[in-house]
Number of protein chains: 2
Amino acid sequence: MARERKFTDEHLFQETKELIIHDGYEAFTFSKLASRLKVSRGSIYKYYENKDELISEFLMYEMARFLSDFGKLNKTADFPTQFNELIDFIFTQSNIYGVLEIIGQIPAPTTKRALNNKSKISEYYISMYQQFEGFIELGRKEGVIKEHLPTAILLGMIFQIIAIPNHFNIPEKEWIGSIKEILSSGMFKHD
Amino acid sequence: MARERKFTDEHLFQETKELIIHDGYEAFTFSKLASRLKVSRGSIYKYYENKDELISEFLMYEMARFLSDFGKLNKTADFPTQFNELIDFIFTQSNIYGVLEIIGQIPAPTTKRALNNKSKISEYYISMYQQFEGFIELGRKEGVIKEHLPTAILLGMIFQIIAIPNHFNIPEKEWIGSIKEILSSGMFKHD
DNA sequence: TATTTAAGTGACACTAGTGTCACTTTGAAT
DNA sequence: ATTCAAAGTGACACTAGTGTCACTTAAATA
């Protein structure tokens, strides 16, 4: 019907992600994004009215992808096995935390689309929380988790362990292994 | 000799901290700071040539303060006692992590003063690292810490535990208590 | 091949930040 | 009281981002 697109949504989201993770929400500009996509700034306005709309669309995309990948994890294995897989998974998603941080920074939506996106993002966020919650419940049912630690704390620690940047450049295997050991001997019952 | 200052360095650093923690490095402007200090933008330029100089000065101030407070902690008690005090201390300094994050964002210094500040900040950073390292060594000497966990990992986890924001608004006592329990039963030897 | 239509452009008017500087204010010292 | 130097101001010229829009380009289809 018309001419070819010079950039895909995926490409735009990828560049947006890098810009936001590197510089933060406030420093994100259409100019920087346009130059990375090698198009004029004006062409981006064909798809997004403003920064908030673009970023809320990006966040929706990222969270949907995260939830979809998370859903593919083995849900039938026993808790210790799933725990292992979950920590591994979280480390393949190490930038999801940067994405979650941005959610708090979205200002009051300026367009209907940004408003819809914002409520969709909240839904995804709740869904993400509930899936992690279900995971902790499994650990309790199997009698693996120390009873007196409240779910919200365990959840908080697992959920946010991804926020810990590996400043000291410790090899990934060792880093993940030690986190698994510290978390599991900290959270699980031992005999 | 001359007229009274309308703002102190401490006041300026306090407002700078709030602005940077809230909006990030890139979004910090002299205009915002001036309006918080209730002075004209021009007057800030009397003391700092530009943003980098101001922020590097602020970081120096913050790290010096952190190191000084850290130095006041009891260094004679046994390791488990010091561990307790350290975690408590870290939580009173919950925004130090935001400050450390900014260090990585300082661009190439544009003035001699900014350059000097940058190298002073590196010194402080190293000193901070070494003090934490000495703390871990104490734990090893006392035979409290699991031998096979490398110092750098333990250090990394303690040093960066402050980065974990309490998203779920769990009461502080419970939050800190659980972190202490998970960390200590994860890192310490049990019999 | 001509037509259609979405994709893309770049110039325009606007807003907000930067760094500078001649000028005014003010309080301490003579 | 006068002096004077540091503190503070606000206007100026500049840079960089925003959002818009009439216009051009190019791929699909009739």
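If you're wondering where the values come from, they're calculated on a predicted model, not measured in any experiment. So you know, we letter chains A, B, ... as the sequences are listed, proteins then strands, and number each from 1.
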**Asked** Expressed in angstrom and rounded to an integer, what is the separation of B:Leu54 atom CG from C:dT18 atom C1'?
**Response** 14 Å

**Message:** Side chains of B:Gln14 and B:Glu18: any donor to acceptor distance under 3.5 Å?
**Reply:** yes

**Prompt:** Side-chain donor-acceptor pair under 3.5 Å between A:Asp52 and A:Tyr25, yes or no?
**Reply:** yes

**Asked** Within the structure shown, what part of the strands sits under 4.0 Å from A:Tyr48 by heavy-atom distance: base, sugar-phosphate, or nothing?
**Response** nothing

**Prompt:** Between D:dG10 atom P and B:Lys6 atom NZ, what is the distance in whole Å?
**Reply:** 9 Å

Considering only nitrogen or oxygen atoms on both sides, find all protein atoms under 3.5 Å from nucleotides 19-22 of chain D and state each distance.
unit_1 : atom_1 : unit_2  : atom_2 : d
D:dG19 : OP2    : A:Tyr45 : OH     : 3.2
D:dG19 : N7     : A:Arg41 : NH1    : 3.0
D:dG19 : O6     : A:Arg41 : NH2    : 2.7

**Asked** How close or far is atom C1' of D:dA28 from atom CZ of A:Arg5, stated in whole angstroms?
**Response** 17 Å

**Request:** Mark yes or no: B:Lys75 above the aromatic ring of B:Phe70, with NZ or CZ under 6.0 Å from the six-membered ring centre and no more than 45 degrees from the axis.
**Result:** yes

**Residues which pass salt bridge (charged side-chain N to carboxylate O under 4.0 Å, His left out) with B:Lys72, listed by chain and number, not counting sequence neighbours** = B:Asp69

**Request:** Report yes or no: is the cationic atom of B:Arg65 (NZ for Lys, CZ for Arg) closer than 6.0 Å to the six-membered ring centre of B:Phe13, at no more than 45° off its axis?
**Result:** no

**Message:** Using OP1 and OP2 only, check whether a side-chain N or O of A:Tyr47 sits under 4.0 Å from C:dG8.
**Reply:** yes

**Request:** Considering only NZ, NE, NH1 and NH2 on the basic side and carboxylate oxygens on the acidic side, decide whether A:Glu62 and A:Lys17 come within less than 4.0 Å.
**Result:** yes

Table of protein N/O atoms under 3.5 Å from nucleotides 14-16 of chain C N/O atoms:
none

**Asked** Any side-chain N or O of A:Ser43 less than 4.0 Å from the OP1 or OP2 oxygen of C:dG8?
**Response** no

**Sugar-phosphate only, base, or nothing, as touched by A:Thr29 at under 4.0 Å among non-hydrogen atoms** = sugar-phosphate

**Prompt:** In whole angstrom, what separates A:Ile44's CD1 from C:dT9's C1'?
**Reply:** 13 Å

**Request:** Calculate the interatomic distance between A:Leu12 atom CG and C:dG8 atom C1'; express it in whole Å.
**Result:** 14 Å

**Asked** In degrees rounded to 10°, what angle is found between the helical axes fit to the five outermost pairs at each end of the helix from C:dT1-D:dA30 to C:dT30-D:dA1?
**Response** 0°

**Message:** Using only modelled atom types and a 3.5 angstrom limit, is any donor from either the side chain of A:Arg3 or the base of D:dA26 paired with an acceptor on the other?
**Reply:** no

**Request:** Kindly assign one of parallel, tilted or perpendicular to the pair B:Phe89 and B:Phe66, based on the angle between their ring planes and the thresholds 30° and 60°.
**Result:** tilted

Sequence neighbours excluded and cut-off under 3.5 Å, please list the side-chain donor-acceptor pairs for residues 146-159 of chain A, or say none.
unit_1   : atom_1 : unit_2   : atom_2 : d
A:Lys146 : NZ     : A:Gly186 : O      : 2.8
A:Lys146 : NZ     : B:Glu181 : OE2    : 2.9
A:Lys146 : NZ     : B:Ser185 : OG     : 3.1
A:Glu147 : OE2    : A:Lys189 : NZ     : 2.8
A:His148 : NE2    : B:Glu181 : OE1    : 2.9
A:His148 : NE2    : B:Glu181 : OE2    : 3.1
A:Thr151 : OG1    : A:Arg140 : NE     : 3.3
A:Thr151 : OG1    : A:Arg140 : NH2    : 3.0

**Prompt:** Would the B:Phe58 and B:Phe28 ring centres measure less than 6.0 Å apart?
**Reply:** no

**Request:** For B:Glu4 and C:dT24, give me the distance from atom CD to atom P, rounded to whole Å.
**Result:** 23 Å

**Prompt:** With a 3.5 Å cut-off and no angle check, do the side chains of B:Asn50 and B:Thr110 form a donor-acceptor pair?
**Reply:** yes

What side-chain donor-acceptor pairs closer than 3.5 Å can you find for residues 39-46 of chain A, not counting sequence neighbours?
unit_1  : atom_1 : unit_2  : atom_2 : d
A:Ser43 : OG     : A:Ser40 : O      : 2.8

